[in-house]
Protein chains: 2
Amino acid sequence: MKTNALFKRSYNQALDMLAGAQVGAPLPSEPAMAAALGISRTTVRAVLAALATHKIITIDGRFKQQSRLPKRSDYLADADLEPLADMVERKFMAWLVGPDCSPGHTINGLDLARQFGVSTSAIRDCLNKFSHFGLLERQSNGRWRTLGLTVDFVAELFDMRELIEFRAVARFVALPKDDPLWSDLSILEEEHHAFLADFDRRNREFSDLDHRFHKLVDSAVPNRFLGNIQGVMSVIFHYHYQWNKKDEVDRNHRALNEHLAYIDGLKSGNPHKARDACQAHLHTARSTMLASINPG
Amino acid sequence: MKTNALFKRSYNQALDMLAGAQVGAPLPSEPAMAAALGISRTTVRAVLAALATHKIITIDGRFKQQSRLPKRSDYLADADLEPLADMVERKFMAWLVGPDCSPGHTINGLDLARQFGVSTSAIRDCLNKFSHFGLLERQSNGRWRTLGLTVDFVAELFDMRELIEFRAVARFVALPKDDPLWSDLSILEEEHHAFLADFDRRNREFSDLDHRFHKLVDSAVPNRFLGNIQGVMSVIFHYHYQWNKKDEVDRNHRALNEHLAYIDGLKSGNPHKARDACQAHLHTARSTMLASINPG
DNA sequence: AATTTGTTTTTTATATAAAAAGAGCAGCCA
DNA sequence: TGGCTGCTCTTTTTATATAAAAAACAAATT
């Protein structure tokens, strides 16, 4: 069954609140408490019911009041909290790019579940997700095999990305001058300049800016199948570069300047100039990624 | 609990093998049977035990022999012979293109589970899969919304398909003449002619031929991200056209001839001719699909 | 009218049971 | 020697039942 860590945590938080209040004080309404604790009203009601059972509060109709101060022994053993799927994804990516996993390896779901401290179902969901990203493969016997962050994978990923982004660039330069994308682009351009001016402090936030920039360009040709490509790009940049901090400053600085040239190209209205700037940037990105995978 | 569909399928396959052999003939060894059926020895042993229970074979020490020919009634019901995920997928697609579902509709997982006679987890897996195909969307509150087989969807799907296939065509015509893909193409060309000669009878099997042809062309540029596109194309053709039999004969006949022109184009080695033939075919396919969605 | 409370429905995560796979080993036979 | 059998036992995958949490709905109160 599902663990009730959230309930326990919320119960303890409620005790903390009561410890700071006076006996006889009325409690806030259920929706107010739900908002204060950041949980659903269902859970608030469960907490209130438990508090009443332990005679810490009394509930009379819709009027709730504190009947005594909470004691040390009232507290429940605590647990921590993070969206489960995110936690599994994070640990899995760390495992995938770490030394315990080599391409072609068969994945032991049970073992991963034990390592990560979650159920096998959570692992299963995660594996399903990454199989759509092309990082894993299902074998005939139902087992999973890692394909890993190989040179081939990066090559195919960037091939696809170029194909899509070249097309978007061609469409983008041809947009009417009153299209809202142009003003979005200008805003992003200014953000780039602001970023460069404050580069030393903000350098770490670059991946977000990069993601938003490419997303804007690609939005010139709306297509829901891009989601997969963008998703995997985003995941890889997010996780892979966490383990490759070397040359990060140079890498980001160069990419920023390439983005600005790219934006110039788009604004020029000249399809060839725009395409060349795009190609130059994607080429750098590809080389950077390949170099960081294959330092040899 | 886990279904034993694999066991049932294997049991029926074993019956097929026995039906083709003679009474009194010795059976192959367990590992040999496991290899032949593509299953583990554990399952082979379960099948052998069941066959012995039904007196179809006799097991005497290490010597197994057939004691009688299998009868029609020996076969296990094919109701739950299909892998669960496939069954759910089939029913879900039928529901999605059926009258009970309109685009923008919120999906009730619990209700679908009841309708299909499976657990909510199976539904969850299926929804997850189709969300990667772009037919569904996750809402902020964790619910699912159908996007449906709309005109927009088809447009985006075919845009992406053209992008990929044009690139594959350019690569294909430039392949060296001794590349194995050329002989694969010739084999497929002959299959097309055979198909045309026996069109009235085989007409229904066209979607398989179509799928194999496009897969061959696309294989000129190996890229694992194609999997999604090909997957959704395949799913849509498979399910959607089940409900749109109107004009099927004309549609398939025309597509066959376009394929042949397309193959000619590839074989000519002229990139423009090949591309034109490809474009013509994809254009027809797009119109056909749009017409069948939007008969108005 | 806006908010609070009581109730029901739906989604999410895990524990669990069964199926299938796989490993190990002694004995047998060509 | 090398492969097969006949066991048994462990591991892994898969599907479901079920509890927890969230959300939606409906009635009641201020």
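All figures in this text were calculated on a predicted structure; none of them were measured in a lab.
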Starting from the 5' end of DNA chain D, give me the residue, A/Thr43 or A/Gly109, whose nearest nucleotide shows up first. A/Gly109
Heavy atoms only, 4.0 Å cut-off, all strands: where does A/Leu112 land among base, sugar-phosphate and nothing? nothing
For atom CG of B/Asn141 and atom P of D/dA21, their distance in whole Å: 19 Å
Round to a whole Å and report the spacing from CD1 of B/Ile39 to C1' of D/dT14. 17 Å
For A/Glu30 and D/dA21, give me the distance from atom CD to atom C1', rounded to whole Å. 15 Å
Are any of the side-chain nitrogens in B/Arg90 or B/Asp86 under 4.0 Å away from the carboxylate oxygens of its partner? no
Measure the distance from CG on B/Asp125 to P on D/dT13 and round it to the nearest whole Å. 15 Å
Can you measure B/Lys2 atom NZ to D/dT14 atom P for me and round it to whole angstrom units? 6 Å
Any ion pair linking A/Arg161 and A/Asp218 (charged N to carboxylate O, less than 4.0 Å)? no
B/Tyr75 ring centre to B/Arg72 NZ or CZ under 6.0 Å, with the angle to the axis within 45°? yes
Would you say the rings of A/Phe225 and B/Phe153 are close, in the sense that their centroids are separated by under 6.0 Å? yes
From C-beta outward on B/Leu110, which listed nucleotide comes closest to its side chain: C/dT11, C/dA21, C/dG6? C/dT11
Base, sugar-phosphate alone, or nothing: which one does A/Thr42 contact when heavy atoms must sit under 4.0 Å apart? base
Does D/dA23 have OP1 or OP2 under 4.0 Å away from a side-chain N or O of A/Arg41? no
When the distance from CD1 of A/Ile123 to P of D/dT11 is rounded to whole Å, what number comes out? 18 Å
Over all strands shown, is B/Ser121 touching base, sugar-phosphate only, or nothing at heavy-atom distances under 4.0 angstrom? base
Need one value for A/Ser29: base, sugar-phosphate or nothing, where a base atom within 4.0 Å counts as base even if backbone is also close, heavy atoms only. sugar-phosphate
Looking at D/dT14, I'd like to know if its phosphate oxygens (OP1 or OP2) sit under 4.0 Å from a side-chain N or O belonging to B/Asn4. no
Taking for each residue the nucleotide of DNA chain D bearing the nearest heavy atom, is the 5' side occupied by A/Arg143 or by B/Leu84? A/Arg143
For a quick check of understanding: with a heavy-atom distance under 4.0 Å over all strands, which category does A/Asn108 fall into, base, sugar-phosphate or nothing? sugar-phosphate
Salt bridge check, B/Glu30 against B/Lys64: does any charged N sit closer than 4.0 Å to a carboxylate O? no
Nearest-nucleotide 5' precedence on DNA chain C, B/Leu6 against A/Thr120: A/Thr120
Report yes if a side-chain nitrogen or oxygen of B/Lys8 is closer than 4.0 Å to either non-bridging phosphate oxygen (OP1 or OP2) of C/dA19; otherwise report no. no
Atom CG of A/Leu37 and atom C1' of D/dA21 are separated, to the nearest Å, by 14 Å
Side chain of B/Ala122 only, please: which of D/dT14, D/dT13, D/dT16 is the nearest? D/dT16
Is any NZ, NE, NH1 or NH2 atom of the basic residue among A/Asp152 and B/Arg224 found under 4.0 Å from an Asp or Glu carboxylate oxygen of the other? no
Classify A/Arg124 by what it touches in the nucleic acid, base, sugar-phosphate, or nothing, heavy-atom distance under 4.0 Å. sugar-phosphate
Gap between atoms CG and P, on A/Leu48 and C/dT4 respectively (whole Å): 14 Å
Out of D/dT16, D/dT29, C/dA20, which has the shortest distance to the side chain of B/Ser119? D/dT16
